[in-house]
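One structure is given below, encoded as C-alpha cells.
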Amino acid sequence: MSNRLQSSSVTHLDLKKVTLIQQNGHPSINQLDLRVNHFERVAIIGSSGSGKTTLLSILGTALKPSSGEYLVNTKNPWSLSREKLRQLRTQIGFIYQAPPLPLKQRVITSVLAGKLGKWPIWKSMLSLLYPMDIAGPQNILEKLKLSEALFVRCDTLSGGELQRVGIARVLYQDPELILADEPISALDPVLSELIIEQILHHQQKTIVVSLHDVEVALKWFPRIIGLKEGQLQFDLPAEEVTEEMLAALYSSATVA
Amino acid sequence: MSNRLQSSSVTHLDLKKVTLIQQNGHPSINQLDLRVNHFERVAIIGSSGSGKTTLLSILGTALKPSSGEYLVNTKNPWSLSREKLRQLRTQIGFIYQAPPLPLKQRVITSVLAGKLGKWPIWKSMLSLLYPMDIAGPQNILEKLKLSEALFVRCDTLSGGELQRVGIARVLYQDPELILADEPISALDPVLSELIIEQILHHQQKTIVVSLHDVEVALKWFPRIIGLKEGQLQFDLPAEEVTEEMLAALYSSATVA
Amino acid sequence: QKVLKVSAIPDESPTELQRKFTPLGEYLEKEIGMKVEFTPVTDYAAVVESLATGKIDMAWLGGFTFVQAKIRTASRVIPIIQRAEDEHFTSKFIVPQASTAKSLEDLKGKTFVFGSPSSTSGHLMPRFYLMQAGINADDDFKTIAFSGAHDATVAFVASGRAEAGVLNASVWDKLVETANPNAAKVKVISTTPPYFDYNWTVRGDLDPALVKKITTAFLKLDSKNPADKGLMDLQRASKFITTKASNYDSIERAAKSAGLVK
Amino acid sequence: MFFFPTQAKFKDPDALHRLSYLVVAVIILWPMLKVAQVNPALLFDANNLKVMGDFLKQFFPPKFEHDFLAIVFRATLDTLAMASAGIFISLAIAIPLGLVISQSMSISRIGPGKGYRISQSLRYFARLVILFLRGIPEIVWALLFVRIWGLGPMAGVLAIGISYGGMLAKVYSEILESSNTKVPKALLLSGSSRQLAFLYGSLPLASQELASYTVYRWECAVRASVVMGFVGAGGLGQLMDQSMKMLNGGEVSTILLVFLLLVLMADWISLVIRKQLS
Amino acid sequence: MNRSPQPQFCFKCVAIFLVIILFFGLSFWWIEFNLRTLFTESAVSSAVTFIQRFFTPDLSYKFILKIYDGAIQTIAVSLLGTLLAAIIAFFLALGVKPASPLFIRGVIRFLLNFLRSVPELVWASLMVLAVGLGPFAGVLAIALHTTGVLGRLFAETLENASPEVTNALLRNGTSSFLAYLFGTLPQVSSQFISYILYRWEMNIRMATILGFVGAGGLGQILYYELSLLHESRASTVIIAMLILVVAVDLLSSRLRKSNMPANC
Ligand SMILES: Nc1ncnc2c1ncn2[C@@H]1O[C@H](COP(=O)(O)OP(=O)(O)OP(=O)(O)O)[C@@H](O)[C@H]1O
Ligand SMILES: Nc1ncnc2c1ncn2[C@@H]1O[C@H](COP(=O)(O)OP(=O)(O)OP(=O)(O)O)[C@@H](O)[C@H]1O
Ligand SMILES: [Mg+2]
Ligand SMILES: [Mg+2]
C-alpha cells in the first residue's frame, strides 16, 4: 500500500507552454509556463474569466492541454496507463467553486466519497449501507464547524455549509496535492480564515488555491500568481506584489 | 399597464415577529422584527448559516413565514390573490448566491427571462424562436463587462461570468425591490465594486443585499443588519457599526 | 417412445382446435395404446418447423403447409390420412351484405383480407384462382391484410375492417350451421374450383409400426357408429381415407406459380 | 423589422441555423404525410363513426363470468411471471452494458490518452451489441425462439429479456448522461473507480428516474404479452388475441380492464419507489 | 442546528433487495424456467441450423425495391405517430405537475394511464375501423398509445428537474406556463428528445408488429416471408430494420450532442 502511494506521489508540477483551447475556440489558457515545487503554497489571483479555474483543472488532470506539456514529477500524466493515472488522481484533491454533490446524499456519504479511490471496493460498497468510517468525517467536519451536519442531507444546507462539505471531502481524501478553486467565496470573514488555516494545516502538502480576496492571498500564501486573459501576468513572492501590479492585473475588467 | 404596476408597487416592507421553521424543525429565522423603507439600501451580514438567505427568501415571498407577519405596503402578500401576487412578484428581483440558470440556455434567453412576468405572452413565446429584445440585454451585459457573452451558452461561462448573468437578468427585469444574496461572491475586487455600483445605480429602488465582505457592506450601504442564528444582532447605520460588534457577530462561528 | 406429440396448424382459434382435438386424442390413445399429447400453436410456420426438427410426431397440416414441410425436410414427411372432403376442397370469397360487388372482378381496388399467409384455402389457392381471373393480389387490391385464421376473416369482413375476404368452405359451412352472428353479416360472391387440402402428416422417421397403427385407427372410424359420430362431426369428416404425397403436387405447382415457394 | 432587428450588431447568430432546421423538418415531414395516407377527415366520416360505434358497443358489458375470470386470473399470473422473468434477464444484460456505454462515467474521456482507443472501441462494440439486441423486434426474437425451443413461456421470456435488455441499456445510459455529469466526474478525478463513481455520484442523482423507467419497462413487458400471444407464448396476450380475432368484445374489455389495473399498479409501485428514493 | 445525528444501517435497502429477489425467484419458478433446457444439444443444433438459414439475405433488385417501399412507409407511420404523440404529451405532462389542481392532475393521469394500458395492437384494430385498413390507422394507433407513454415519462422527468430554476422565474412573477418553457424545459429538453427518439425507435418496431395485423410497411413483409419460411427474405427485412434503428440511434446521439442552438 505505502509502496503504491509512493509510486504515485506528487512532488512537483511543471507546465511548459501550455495552451488550452475550449471547444468553441476560446483560448482559456495561453502559452503558460509554470513550476510548482514540492510542498509549495501558491495563490492564483486574477479577474473573472482570466482562466483560474481552467488552470487549476489542468493541474488536476481534469482538462488535457491542447498544446504544450504538463508534467507531474517529470512525467506526463496523460501518457500514464489508466491505472497509474487513477492512482495519481487519488493524490490530487480538488475543491470546487460550486461543490458538485448529489443534493439527496447525506453529508457523511459525500465526505466519505473522498476516500473511494483509496479504499478497497468492498469497503466503499458497504459504506452505502452503513458508513464504514464515522469518526473520520466527524473529526474533519468539527474542524470546519459543521459537525452537527454529519447525518443531514445536503439539500438542507446553506450555501456556506455546502461549500464546507466540499472542502471536508478533500481534507478527508488527504491527498498530497490540494487544488482549491475559490474555497471561501461563500464564507464569512472569520470562517474564511479558519478554513484557509485548515487547508494549509498540513505542512506536507502542495497547495494551489485560486482566490478573489487579495488580502487573504497575500496574508496566507508566500507565492502569488497573477493571471490575465489566460497568461501569466506576474509570479512573485507575496511581499513583492505591489498595489500597481494589482491595479494592472484587474484593470482589464474595467477596460475590456 | 402603468396602472397595474402602480397597484402592485413595492413601497416598504415590514416583518413582525417572523419565524421560519424548516421542514426538519430547524428555525432558520427566529422572531425577527424588521422594517425596510421605500428606496432604502440595506446590507445583511452574518456568519455562514445565520439565516441571511432565508431572510431574503422571506422578503422575496419565496418562503412563507411559519409564524409572525410579513407585510408589503401594509398588505400580507400571502393573502393576495394568485394574480395579484404574481403582479407583485414582477416587482421583486432576486439575485441568487448560485444563479439557478438552465446551463444549456443561451445567455440572452436567460436575461430575457427577467421580463417574462411583464411581457405579453406572445412576445415571450416568440422569444424562444428569436429574441424579441436584443439591445436591452446587450446594454446591461455591457455594463457588467460581459457583452461578448450575449449569444453564448451558459455552460461555457466561468463562475464569475455566470453570477453576472444572474445579476443581468434582475437588472433587465427592472423591479422596484432588489434582493441580492451575496451577489459578488465569485467576483474579483474591481468587478465587485463595479457590480455593486450597478445594482445601486437606480435611486428609485429598494435594495436589500446580503454580503460576506464587511468592508464592501460598510462602504456602500447606509444601513447594516447583523444576523446571528436567525435573530437580529444589530440594525444600525453603517457609521455606528464597531469592530467589537463585528467580532461578536461572527464569534458564534468560532465557538459553536 | 411413450408419448405421441401431436399438433395442428392454427387455422382456427387455439381454443377451438383444442376442443376439436380432445375426443380424437382420447380415441387415438385408446387405439394405439400410448399417451397422446396435443400442443396448440399459433404460428403456421412453427408447426412445419416442429415437425422438421422432430419436436412433434404428427400434425394436421393444410395442403400448402404440407408442401412447405415437404420442401423443408426434403420429402421426409409422410401424409397418411385425410378426410374424404379434403379431396375436393373449396374456398369462398365473401363481402359484407351491403356490398355491391358481384364478381371477383368487382373486388379490384378494395381492401381484402386473407387468412394466414401459409394457409392453403385462406391464401394460396384463392390467390392462385384470383390470378387465373386476372387479379394480382399484390397490385390490384388497395390494401391486403392477413387475419390469421378463417373465422377471423369473417369477423374482419363483418365488422367492416375489410371490404372483402376469403376463407375455406368447411369453416364457412360450420359458421353458417351454428348461426354465427358474423356470418350473417356477410355473403358469398364466388367459390373456387376444388383442390386437395388438409391431411394428417407424420414425420418420416416415426416407427412404421406406429404409423400403421395410427392409420388403421383413423380408417376404423365410421360415422354410422354413434360412438364415432361425435368425434367425426367435430372433425367435419364423413370418412377418413388414406392419402399420398403426389396428391399435393398440384398445390405445389400453384404455389410455385403464385411465387409462394421458390 | 420588428421581428428581425436589422442592425448587424444585434443579430442573433443562430437564427439562420434554426431556420434551416425548420425548413429541413418541413421538407421531410410533408411527403411523410402522403406516404402514411394521413387524412383526418376519415375520422369524422359518418359511416366510419357508425362502424366504430357498433364495434365499441360490443365491448359492453365486460364479461365477468366466473369461468372466464378464472382463466383470466391464471393468464394474468402467467403474464406477470413472464414479464418479471423477462425483466430480470434484461436487467442482467442492461446494467453492465448500460454502464459500459454511458459516457458520463467514462474514465477514458477525462483520463489518460492511453487506453482511450481500447475503451472507446469496447464502447462501440457494446453499442453495437445493444443495437442488435434491440434492433430486432421482440416478436421476431419470439418467433425465432419458438422455433428453437418450442412453444411456451420460455421463448417469450427470452425474447423480452433480450430485446428489453438492449433498450434498457440504452435508456439507462442516456438517463445517466443527461443528469448532472459533474458529480461523477469529480469522483473520477479523485481517483475513484467507474463503479464507485456510479454508486456515489450518478445513482443518487438518477435513481428515481432509473427506477421509474425500469418499472415502466416491466409494465411494457406485461403488455408485450399481447405480442407474445401472437406466437403462442401463453398468458393474457394469447387470450386477448383469440378474443380479438373473434371480435368477442366482452372478453376483450375484461382483459383490457386487467391491463388497466396492472398499469395502475405499476404506476403505484413506481410512485412508492420514487417516494422511497427521494 | 438541531439535527438528528444518527448513522442508520440501511435495513430498508436490504429488505427491498430481498423482496425483489424473492419476486424474481417466484416468477422463474412459476413459469418453470429451466436453464438446462436452454442448452440441450437438440436446442443448440436446431438454433444453429435455423440461424444458418438467415445467412443468405435475398438481395435481388425487385425485393430490395419492395423493402424500400415498406421501409419508407414504416418510417412515415412511426415518425408521424410519434410526433403527434410528443406534441400532445408535451401539453398533457404540463398538467400533471405538482402545482396544478388535484382534479386536473387526476384526470390527466387517468387519461395517460388509460391510453397507455391499451396495447397498440388493440388501438390498431380500433383505428382500422375508424379510418379503414392502411397506414393512417397505424399512425393513429401509435399516436394514441405513445401519448400515454410519453406523457408519463415527460411528467416524471419534470418531477426530477431542479425546481430552483423554475422557482426563480415564478418568483419574479412569470406565469407558470412561461416558467415551464424558460426554466424547466431547457433542463429536460435533452431527456425529452432522447425519450422521443427512443420512442420513435420503439415505434418503428411497433409499426412492424402492426404490419402483422395489416398496417402495411416492413412488418407485413416480414410476417409474410416468415410465414412462407422464406428465411433469406426475412433476413433482408430484418437487416433493413436494423439499418433503420441504427439510423435513428445515430440521429439521436447527434441531436443530443449537438449544441442545439435552441434556447434550450
Ligand atoms: N431546506 C432546509 N432545511 C433545513 N434546514 C435548512 C434548509 N435551508 C437552510 N437550512 C438551515 O438554516 C440555516 C440558515 O440557512 P441560510 O441558508 O439562511 O444561511 P445563510 O446565512 O444564507 O448562510 P450562508 O452564508 O452559508 O449562505 C442554516 O443552518 C441551514 O443549515
Ligand atoms: N467550457 C467552456 N467553453 C468555452 N469557454 C469556456 C468554457 N469554460 C470556460 N470558458 C471561458 O474561458 C475563460 C476562463 O474561464 P475560467 O473558468 O478559467 O475563468 P476563471 O478565472 O475561473 O473566472 P471566475 O473567476 O469567473 O471563475 C472564460 O472567459 C470563460 O468564458
Ligand atoms: Mg472560476
Ligand atoms: Mg446563503
Side-chain angles (χ1 to χ4, degrees), chain A residues 22-26 28 45-54 96-99 142 144-149 152-153 155-164 181-182 184-195 210-215 227 246-247 249-256, chain B residues 22-26 28 45-54 96-99 142 144-149 152-153 155-164 181-182 184-195 210-215 227 246-247 249-256:
Chain A
Q22 300 282 5
Q23 270 179 351
N24 61 2
H26 181 84
S28 293
I45 58 177
S47 63
S48 177
S50 59
K52 300 181 293 299
T53 304
T54 313
Y96 295 80
Q97 200 162 357
E142 202 132 14
L144 305 182
K145 306 287 164 217
L146 206 62
S147 54
E148 312 85 41
V152 148
R153 266 169 51 145
D155 54 3
T156 67
L157 296 180
S158 79
E161 287 163 350
L162 200 63
Q163 191 166 42
R164 282 178 279 162
D181 193 10
E182 295 173 30
I184 53 168
S185 63
L187 300 176
D188 62 73
V190 177
L191 260 181
S192 295
E193 297 264 319
L194 184 94
I195 298 296
S210 85
L211 283 171
H212 276 312
D213 196 325
V214 181
E215 275 170 55
L227 265 193
L246 292 175
L249 182 68
Y250 290 118
S251 69
S252 74
T254 26
V255 170
Chain B
Q22 299 282 4
Q23 269 178 351
N24 61 3
H26 182 82
S28 294
I45 58 176
S47 63
S48 175
S50 60
K52 300 181 294 298
T53 303
T54 312
Y96 295 79
Q97 196 163 358
E142 204 133 14
L144 305 182
K145 305 289 164 212
L146 206 62
S147 54
E148 317 87 51
V152 149
R153 263 169 54 148
D155 54 3
T156 66
L157 295 180
S158 79
E161 288 164 349
L162 199 64
Q163 191 165 43
R164 281 178 279 163
D181 192 10
E182 296 172 31
I184 53 168
S185 63
L187 299 175
D188 63 72
V190 176
L191 260 180
S192 294
E193 296 265 320
L194 184 94
I195 298 296
S210 85
L211 284 170
H212 275 313
D213 197 326
V214 180
E215 275 169 54
L227 263 194
L246 293 175
L249 182 68
Y250 290 117
S251 71
S252 76
T254 27
V255 170

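These numbers come from the heavy atoms of this one structure, side chains and all, not from hydrogens, waters or symmetry mates. Below, read A as the first sequence line, B as the second, and so on, with proteins coming before strands; counting in each chain starts at 1.
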Practice problem: Examine whether an atom of B/Thr156 lies under 4.5 Å from a heavy atom of chain A, and if so say whether it belongs to the side chain, the backbone or both; otherwise answer neither. | Solution: side chain

Quiz prompt | Residue part contacting chain A, namely of B/Ala98, when any heavy atom lies under 4.5 Å | solution = neither

Exercise. Among the options B/Ala186, B/Gly159, B/Gly49, pick out the one with the most heavy-atom pairs lying under 4.5 Å from chain A.
Key: B/Ala186

Quiz item: What distance do A/Gln97 atom CD and B/Leu162 atom CG have between them, rounded to the nearest 0.5 Å?
Solution: 9.5 Å

Quiz item: Out of A/Ser185, A/Ser147, A/Gly160, A/Ser50, which one racks up the most heavy-atom pairs below 4.5 Å with chain B?
Solution: A/Ser185

Self-check item: Residue B/Glu215 excluded, over 12 heavy atoms near CD under 6.0 Å
Solution: no

Self-check item: Those residues that, when tested against A/Ser192, pass side-chain contact (heavy atoms from CB on, under 4.5 Å) (two or more places apart)
Solution: A/Ile184, A/Leu187

Quiz prompt | Portion of A/Asn24 that has a non-hydrogen atom of chain B nearer than 4.5 angstrom | solution = side chain

Quiz item: What residues, two or more places apart in sequence or in another chain, satisfy side-chain contact (heavy atoms from CB on, under 4.5 Å) together with B/Glu161?
Solution: A/Ser48, B/Leu146, B/Leu157, B/Ser158, B/Arg164

Quiz item: Between A/Pro189 and B/Val214, what is the shortest heavy-atom contact and its length?
Solution: CG-CG2, 3.9 Å

